[in-house]
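The next block holds one structure in the form of structure tokens; read it before the comments.
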Protein chains: 2
Amino acid sequence: MVDRGRYEELARQLSVIGAVKRGMARALPQDCPPGSAIVLTVLDRHGAMRMSRLAELLAIDMSVTSRHVAHVAERGWIERSPDPADKRSRILRLTPAGEERLEHMSERYVETLAHFLGDWSDDEVDQLCVLLARLRDSFGDCRAQSVRLPHPPTVSPATPLTSTTRTSG
Amino acid sequence: MVDRGRYEELARQLSVIGAVKRGMARALPQDCPPGSAIVLTVLDRHGAMRMSRLAELLAIDMSVTSRHVAHVAERGWIERSPDPADKRSRILRLTPAGEERLEHMSERYVETLAHFLGDWSDDEVDQLCVLLARLRDSFGDCRAQSVRLPHPPTVSPATPLTSTTRTSG
DNA sequence: TATTGTTATACTCTATAACTATA
DNA sequence: TATAGTTATAGAGTATAACAATA
């Protein structure tokens, strides 16, 4: 068990890391806000999937995911084909235009990191990647509705422990 | 110089780490949104300071900092005493009530981390803290107005390189 | 009746611009 | 004239709740 001081330090570091994320976001093309960027990134990384799966991977509510997806679909960066197994669902898939967009985006990200992280070694970047991946993994699906935190903010007494993707009943 | 693939991987990891930050934010007391929490944290960590310094440490515009500060000041968690050296400024300082609030907040953060990071070792937490601190440091003051990024989004041709805290002239 | 996904509404954070007071 | 800070307004992200279509 890690001691309290270490956790406090980690909490501080996580609080301040938002500045880095904003710095990265500024490098994005104008028609591609962070919400679109992450949808394209995850679809490229994990392949075609349904809304609910995407929402789970992003750890955001499906209502929010729906808006992000609508935005990139309007621009032709993904296609939504009917799911033969379930007519309520559609399969999300990156289009060639989306891949192109992602490539452009990726170039800007890389340039930005090269700009700020010029003096980092390969090993340091690798280490940070590994630890961030592990951190994300440890948190798992930590969305409001799907997990019981130690201190449920406003939740009424006995909330069921279901691991659904929904926002309400 | 780090190669492109490593930077791409880091960019992906940073994109997805927002889920962790949201998970942490959910642990905060209801009357203490993340913006307030970070102000209290930084004032505790770095001691009393002026608005402009706080904005620089948070890497957000002073207009935003001003609102966060107003919020915590209204609740009596910080005090704003006149700066004898410059009548335009005030010195921000944590009050005993603010320290108490911070302690409460910190407990919740620690519980949340203990909940999700139960199987991490001391060394792993330390390593992540060190790398995050270094990352934040490498980005420095990366606010919109204060730094030239490789791809200035909408900025007109010759923007001066001044490192000010301002939002407009 | 339960689940997938969409839409409407509200809240938080951030940035830009205009403004006041002081240097 | 320039700087410290405040406020008004707008844009993006997210959560909750209500809804439609399908399982």
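Below, chains carry the letters A, B, ... as their sequence lines are ordered, and counting in each starts from 1.
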### Net bend of the helix from dT1(C)-dA23(D) to dA23(C)-dT1(D), end axes of five pairs each, nearest 10 degrees
10°
### Message
Could you tell me how far apart His68(B) (NE2) and dT7(D) (P) are, to the nearest whole angstrom?
### Response
15 Å
### Query
Taking the side chain of Met62(A) as its heavy atoms from C-beta onward, which of dT6(D), dT6(C), dC13(C) lies nearest to it?
dT6(C)
### Query
Could you give the CZ-to-P distance, from Arg26(A) to dT16(C), as a whole number of Å?
7 Å
### Query
Residues in salt bridge (Lys or Arg N to Asp or Glu O under 4.0 Å) with Asp137(B), at least two apart?
none
### Query
Phosphate oxygens OP1/OP2 of dG13(D): is one of them under 4.0 Å from a side-chain N or O of His71(A)?
no
### Query
To the nearest Å, how far apart are Leu92(B) CG and dA4(D) P?
14 Å
### Query
For the pair made of CE in Met51(A) and C1' in dT7(C), what is the distance, rounded to whole Å?
12 Å
### hbond_proxy Ser63(B) side chain to dT16(C) base (donor-acceptor, 3.5 Å cutoff)
yes
#### Entry: Verdict with reasoning, Ile78(A) to Arg93(A), per side chain to side chain contact (heavy atoms under 4.5 Å, CB included)
CA-CA 5 Å; Ile78(A) 69 167; Arg93(A) 194 187 317 271; over 6 Å; no
Do any N or O atoms of the protein come closer than 3.5 Å to N or O atoms of nucleotides 9-11 of chain D, and which pairs are they?
none

### Query
Do Trp120(A) and Ser138(B) have side-chain N/O donor and acceptor atoms under 3.5 Å apart?
yes
#### Entry: d(CD1, Ile60(A); P, dA12(D)) in whole Å
16 Å
### Task
Assess whether side chain to side chain contact (heavy atoms under 4.5 Å, CB included) is satisfied between Glu103(A) and Glu107(A), documenting all intermediate values.
CA-CA 6 Å; Glu103(A) 174 63 21; Glu107(A) 275 172 22; 3.4 Å; yes
### Euclidean distance, Thr41(B) OG1 relative to Tyr109(B) OH, rounded to 0.5 Å
6.5 Å
### Query
Within the structure, does a side-chain N or O atom of Arg90(A) lie under 4.0 Å from either OP1 or OP2 of dT6(C)?
yes
### Message
What I'd like to find out is whether the side chain of Leu117(A) reaches to under 4.5 Å of the side chain of Leu135(B), using heavy atoms alone.
### Response
yes
### Query
Restricting to pairs with a member in residues 8-19 of chain B, which pass side-chain hydrogen bond (donor to acceptor under 3.5 Å, both in side chains), not counting sequence neighbours?
Arg45(A)-Glu9(B), Ser106(A)-Glu8(B), Arg4(B)-Glu8(B), Glu9(B)-Arg12(B), Glu9(B)-Gln13(B)
### Query
In whole angstroms, how far is the C1' atom of dT7(D) from the CG atom of Asp61(B)?
12 Å
### Query
What's the verdict on side chain to side chain contact (heavy atoms under 4.5 Å, CB included) for Val72(A) and Arg101(A), showing C-alpha distance, side-chain angles and the deciding distance?
CA-CA 10 Å; Val72(A) 295; Arg101(A) 202 69 203 146; over 6 Å; no
### Nearest-nucleotide pick for Ser52(B), side chain only, options being dA15(C), dG5(D), dT6(C)
dG5(D)
## Note on the structure
When Ala59(A) and Val69(B) are each assigned the nearest nucleotide of DNA chain D, the 5'-most assignment goes to Val69(B)
### Message
Less than 3.5 Å apart, any donor N or O on the side chain of His71(A) or Arg67(A) sitting next to an acceptor on the other?
### Response
no
#### Entry: Asp31(A) CG - dA12(D) P separation (whole Å)
12 Å
Can I get a per-line list of side-chain donor-acceptor pairs under 3.5 Å for residues 122-131 of chain A, giving both atom names and the distance, sequence neighbours left out?
| residue | atom | partner | partner atom | Å |
| --- | --- | --- | --- | --- |
| Asp122(A) | OD2 | Arg6(B) | NH1 | 3.2 |
| Glu124(A) | OE1 | Ser121(A) | N | 2.9 |
| Glu124(A) | OE1 | Ser121(A) | OG | 3.3 |
| Glu124(A) | OE1 | Arg134(B) | NH1 | 2.9 |
| Glu124(A) | OE2 | Arg134(B) | NH1 | 2.5 |
| Asp126(A) | OD1 | Arg6(B) | NE | 2.7 |
| Asp126(A) | OD2 | Arg6(B) | NE | 2.9 |
| Asp126(A) | OD2 | Arg6(B) | NH2 | 2.9 |

### Query
Nearest to the side chain of Arg50(A), which nucleotide is it out of dA15(C), dG5(C), dT14(D)?
dG5(C)
Name the pairs: protein N/O against N/O of nucleotides 20-23 of chain D, kept only if under 3.5 Å.
| residue | atom | partner | partner atom | Å |
| --- | --- | --- | --- | --- |
| dT22(D) | O2 | Arg88(A) | NH1 | 3.4 |
| dA23(D) | OP1 | Lys87(A) | N | 3.0 |

#### Entry: Proximity to the side chain of Ser89(B) - top-ranked nucleotide from dG5(D), dC13(C), dT16(C)
dG5(D)
### Query
Do you know which two heavy atoms are closest between Met24(B) and Ala11(A), and how far apart they sit?
CE-CB, 4.3 Å
### Message
More than 12 heavy atoms of other residues, nucleotides or ligands under 6.0 Å from CD of Glu100(B): yes or no?
### Response
no
### Task
Calculate the interatomic distance between Ile38(B) atom CD1 and dT12(C) atom C1'; express it in whole Å.
14 Å
### Nearest-neighbour nucleotide for the Arg22(B) side chain, dA15(D), dG5(D), dT12(C) considered
dA15(D)
